[in-house]
Amino acid sequence: MSYWLVKSDPDTYSWEDLKKDVYTDWDGVRNYQARNNLMKMEIGDEVLVYESQSTKQITGIAEVTKTFFPDPTSLDMNKNWVAVELKFKEEFKRFITLQEIKSIKELSNIGLIKQSRLSVMPLQAEEFEIICNLATN
DNA sequence: GCCAACGTTGGC
DNA sequence: GCCAACGTTGGC
């Protein structure tokens, strides 16, 4: 059981879209490090969803329902991009902003801050818990 | 809109 | 294999 954080630009695919779709293929990832993380996801893993750009906040939790498969949106056969299937799991009572994450010392090593351009990253269990606790308080 | 960070491409 | 040029992402 692992924990992850994925980013999405809400103009492309928002939390509202996921809520509406319930299941979605998390595709379009075009970065090897992010792809390698997608390939490590297992069914039942919990995934925090972060909206970048306009809103900059973690909105809730999704769950991995299918492990990686070839990304159907990739036309380049030489580059084996992959997607996973995610399912809407839980919306946070309170969205956690980037600003708030930055203000918490225990989260200072989180990939979201350390490597701001990476779109799929692992989370420590403790980091996942801290964020969930914030969101339900 | 600007810019830093970083990934990719292509010439050498 | 190096590195300059360029493109993209994402915070501010």
Side-chain angles (χ1 to χ4, degrees):
Chain A
M1 173 79 177
S2 308
Y3 298 97
W4 307 93
L5 185 145
V6 298
K7 290 202 289 206
S8 186
D9 176 0
D11 289 340
T12 309
Y13 193 82
S14 69
W15 177 248
E16 284 301 311
D17 292 329
L18 179 63
K19 235 165 88 175
K20 176 166 56 70
D21 295 344
V22 184
Y23 288 90
T24 193
D25 287 351
W26 206 263
D27 55 24
V29 171
R30 295 292 181 270
N31 168 286
Y32 286 109
Q33 206 182 338
R35 183 202 64 176
N36 291 343
N37 288 331
L38 282 181
M39 292 171 75
K40 289 184 213 150
M41 287 185 180
E42 291 177 7
I43 290 173
D45 282 0
E46 294 191 285
V47 182
L48 293 182
V49 180
Y50 173 78
E51 287 188 333
S52 64
Q53 317 260 58
S54 54
T55 52
K56 296 194 287 279
Q57 57 194 1
I58 298 174
T59 47
I61 307 172
E63 180 185 346
V64 178
T65 45
K66 262 186 211 162
T67 55
F68 76 91
F69 52 90
D71 184 342
T73 68
S74 172
L75 300 172
D76 189 342
M77 293 303 155
N78 297 313
K79 300 186 175 181
N80 47 339
W81 299 121
V82 303
V84 297
E85 185 187 72
L86 295 184
K87 182 191 181 189
F88 172 89
K89 182 167 184 177
E90 179 191 331
E91 179 168 82
F92 281 164
K93 287 203 181 69
R94 186 169 79 76
F95 295 165
I96 308 302
T97 63
L98 180 64
Q99 195 185 10
E100 186 169 358
I101 290 160
K102 280 185 165 175
S103 74
I104 295 168
K105 203 172 64 178
E106 289 77 14
L107 296 178
S108 59
N109 282 321
I110 199 173
L112 190 64
I113 295 167
K114 285 270 169 184
Q115 233 182 321
S116 67
R117 292 186 55 204
L118 186 60
S119 60
V120 181
M121 67 196 78
L123 281 185
Q124 304 292 323
E126 306 83 66
E127 293 167 347
F128 183 87
E129 270 173 35
I130 289 169
I131 292 165
C132 289
N133 286 340
L134 282 175
T136 47
N137 281 343

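Every chain is numbered from 1 and lettered A, B, ... according to where its sequence line falls, protein lines coming before strand lines.
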Query - Residue pairs fulfilling salt bridge (Lys or Arg N to Asp or Glu O under 4.0 Å) with at least one residue in residues 34-50 of chain A, sequence neighbours excluded - result: A/E46-A/K89
**Report entry** salt bridge (Lys or Arg N to Asp or Glu O under 4.0 Å): pairs with one or both residues in residues 98-122 of chain A, sequence neighbours excluded
**Finding:** A/R94-A/E100
Requested in this report: Mind checking A/D9 for me? I need base, sugar-phosphate or nothing, with any heavy atom below 4.0 Å counting as a touch.
Outcome: nothing
Query raised in the report: Got a sec, which pairs hit ring-ring contact (aromatic ring centres under 6.0 Å, His included) with one end in residues 99-137 of chain A, sequence neighbours left out?
Result: A/Y3-A/F128
Report summary line: Applied to residues 51-66 of chain A, the salt bridge (Lys or Arg N to Asp or Glu O under 4.0 Å) test, sequence neighbours excluded, yields A/K66-A/E85
**Report entry** Span of DNA chain B in contact with chain A (heavy atoms, under 4.0 Å)
**Finding:** B/dA5 to B/dT9
Query raised in the report: Which residue pairs pass the salt bridge (Lys or Arg N to Asp or Glu O under 4.0 Å) test when at least one of the two sits in residues 118-137 of chain A, sequence neighbours left out?
Result: none
